[in-house]
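Input: a single structure, listed below in structure tokens.
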Amino acid sequence: MERKNYTEKLVEEVLERIIKDYPEYSDIEPYKEDVIAFALSKCEPYYTTSDIGHAVIKTRMDSSSFRSKVTAIVLEAIEKVKKNPRK
């Protein structure tokens, strides 16, 4: 198994869900990479290289409290990027 940061995938999934479910955030589409980068700088990375590690990380990331924390971080990133979009 290759090395993988599972936090990246979760942040991307959360951002996509927010854009889809909340039309008021659709204007962030051109700045998605900036939002993801900002959010990842605030999140703890979770890397693994084994199937057992994958299972442990997946269990943690599936918890509602962990997902809520990541969602709050992504929303903060959206607001920061909206206030200061890259030109």
Interatomic spacing from [atom1] in [X] to [atom2] in [Y] - rounded to 0.5 Å:
X: I18; Y: I28; atom1: CD1; atom2: CD1; answer: 10.5 Å
X: D34; Y: K82; atom1: CG; atom2: NZ; answer: 14.5 Å
X: Y31; Y: I78; atom1: OH; atom2: CD1; answer: 14.0 Å
X: K9; Y: I57; atom1: NZ; atom2: CD1; answer: 12.5 Å
X: K58; Y: Y46; atom1: NZ; atom2: OH; answer: 15.0 Å
X: E24; Y: I19; atom1: CD; atom2: CD1; answer: 11.5 Å

Would you say [Y] ends up clustered with [X] if hydrophobic residues are merged whenever their side chains have heavy atoms under 4.5 Å apart, either directly or through other cluster members?
X: Y47; Y: V56; result: no
X: Y22; Y: F38; result: no
X: V14; Y: V11; result: yes

TODO: Would you check, one step at a time, whether the test side-chain contact (heavy atoms from CB on, under 4.5 Å) holds for Y25 with K20?
DONE: CA-CA 8 Å; Y25 292 121; K20 180 181 167 219; over 6 Å; no

- [ ] Specify the closest pair of heavy atoms between A39 and A77, including all atoms of both residues, with the distance to one decimal.
- [x] N-CB, 3.9 Å

Open item on the list: Tell me the closest heavy-atom pair linking C43 and T7, and the distance in Å.
Closed with: CB-CG2, 3.6 Å

Donor-acceptor pairs under 3.5 Å, side chain of residues 66-75 to any protein atom, not counting sequence neighbours: which ones?
unit_1	atom_1	unit_2	atom_2	d
R67	NE	M61	O	3.4
S68	OG	S64	O	2.8
T71	OG1	R17	NH2	3.3
T71	OG1	R67	O	2.8

Task: Ion pair K32/E16, N-O distance below 4.0 Å - done: yes

Task: Student check: side-chain heavy atoms of I36 and E12 closer than 4.5 Å - done: yes

